[in-house]
Amino acid sequence: MKDFLPVLKILLRFVVIYIVLVLLYQFYLNGYENEVVDPFTRWVAKQVAFLQGLLGFPTILVDNMKLHSILFQTSGKFTTRMVEGCNVFSVAILFAAFIFAFYKGRKTFLYVSGGLVILHILNVFRIALLNIIYLKYPQYEKIGHDYIFPAIIYGGVVILWLVWIQFFALKKTERP
């Protein structure tokens, strides 16, 4: 049992941090249950629309209270809709809980902050590209939405986790 104690501590830390972050996020979302979407989701949608405009695909955001979504009208055509689950926040919670489970002082906060920025950027590009696929290549909608684009976000998380473990969490600190 003594050999498993470090692993159990990490696992317990992960579970506690994950549950606390999920509860805090749910508390945040509950404050916006009568809105189309929460402010963070709206912020992500605005960034996606801006990026699509830069890429030559002018986009208008249309609120849809019935679907609790923001619809992307890209180049005059409705492509996809932005719901809370698309804002990468839930994935970011999972990412942060794992990194904090292997806490290594101040660099943990720096790594989580940098990782969250990377995941956010990946997500904005992911949604913009998905809208472009829906517009230009509708035959690839399902494979894009269900397989390729989740792989981008979850692949990004796994790569960030591996980098953390390899270069920070398992690295021995040298003593003078």
### Task
To the nearest 0.5 Å, tell me how far H68 NE2 sits from N34 CG.
7.5 Å

### Query
So, for W164 and F102, is the gap between ring centers shorter than 6.0 Å?
no

### Query
Are the aromatic ring centres of F78 and F72 under 6.0 angstrom apart?
no

### Message
Is any side-chain heavy atom of V88 closer than 4.5 Å to one of V44?
### Response
no

### Task
Using a 4.5 Å cut-off on heavy atoms from C-beta on, say whether the side chain of L21 contacts that of I17.
yes

### Message
Are V62 and M82 connected into the same hydrophobic cluster when the rule is that any two of I, L, V, M, F, W, Y join if their side-chain heavy atoms are below 4.5 Å apart?
### Response
no

### Message
In the structure I gave you, are the side-chain heavy atoms of L122 and R126 within less than 4.5 Å of one another anywhere?
### Response
no

### Query
Going through the checks in order, is the side-chain hydrogen bond (donor to acceptor under 3.5 Å, both in side chains) test met by Q47 and H120?
CA-CA 10 Å; Q47 291 178 350; H120 175 70; 2.4 Å; yes

### Query
What is the ring orientation for F40 with F89, classed by angle as parallel under 30°, tilted 30 to 60°, or perpendicular over 60°?
perpendicular

### Task
Give, for atom CG of L23 and atom CD1 of I93, the distance between the pair rounded to the nearest 0.5 Å.
9.5 Å

#### Entry: Joint hydrophobic cluster, Y18 plus I165, side-chain heavy atoms closer than 4.5 Å
yes

### Query
Taking atom types as modelled, is there a side-chain donor on T74 or Q52 under 3.5 Å from an acceptor on the other?
yes

### Query
Roughly how far, to the nearest 0.5 Å, is the CD1 atom of I99 from the CG atom of L160?
7.0 Å

### Query
Can you find a side-chain donor-acceptor pair between S69 and N64 that sits under 3.5 Å?
no

### Task
Would you sort out whether T41 and C86 count as a side chain to side chain contact (heavy atoms under 4.5 Å, CB included), showing the intermediate values?
CA-CA 8 Å; T41 301; C86 300; over 6 Å; no

### Task
For the pair L61 and L71, evaluate side chain to side chain contact (heavy atoms under 4.5 Å, CB included) and give the outcome as yes or no after the intermediate values.
CA-CA 6 Å; L61 300 177; L71 306 175; over 6 Å; no

### Task
Could you tell me whether the side chain of N87 and the main chain of E84 form a donor-acceptor pair under 3.5 Å?
yes

### Summary
For L119 and G156 the tightest heavy-atom approach is CD2-C, 4.2 Å

## Note on the structure
d(T79 OG1, E141 CD) to nearest 0.5 Å is 9.0 Å

### Message
Is any side-chain heavy atom of Q166 closer than 4.5 Å to one of L170?
### Response
no

## Note on the structure
Here the pair of heavy atoms bringing L130 nearest to G144 is CD1-C, 3.9 Å

### ILVMFWY network linking L116 to F100, side-chain heavy atoms under 4.5 angstrom
yes

### Minimum heavy-atom distance K2-P6, with the two atoms named
O-CD, 3.8 Å

### Message
Counting C-beta onward and ignoring hydrogens, is there a side-chain heavy-atom pair between I133 and H145 closer than 4.5 Å?
### Response
no

### Query
In terms of heavy-atom contacts, does CD1 of I143 have more than 12 from other residues, nucleotides or ligands at under 6.0 Å?
no

### Query
For W161, which of Y154, F98, F167 qualifies under ring pair (Phe, Tyr, Trp, His ring centres under 6.0 Å)?
F98

### Task
Please round to the nearest 0.5 Å and tell me the distance separating atom CG of N30 and atom OH of Y25.
11.0 Å

### Stepwise side chain to side chain contact (heavy atoms under 4.5 Å, CB included) check, V163 with Y111
CA-CA 10 Å; V163 168; Y111 192 83; 3.4 Å; yes

### Query
If Ile, Leu, Val, Met, Phe, Trp and Tyr residues are connected whenever their side-chain heavy atoms lie under 4.5 Å apart, and connections chain through other members, are I70 and F50 in the same group?
no

#### Entry: Flag, side chain of T108 to backbone of K104, donor-acceptor distance under 3.5 Å
yes

### Message
Can you classify the ring geometry of Y140 versus Y137 as parallel (below 30°), tilted (30 to 60°) or perpendicular (above 60°)?
### Response
tilted

### Query
Quick one: NZ on K77 to CG on N131, what's the gap to the nearest 0.5 Å?
11.0 Å

#### Entry: Worked check of side chain to side chain contact (heavy atoms under 4.5 Å, CB included) between T59 and V48
CA-CA 9 Å; T59 302; V48 170; over 6 Å; no

### Query
Can you hop from V112 to Y28 via hydrophobic side chains spaced under 4.5 Å?
yes

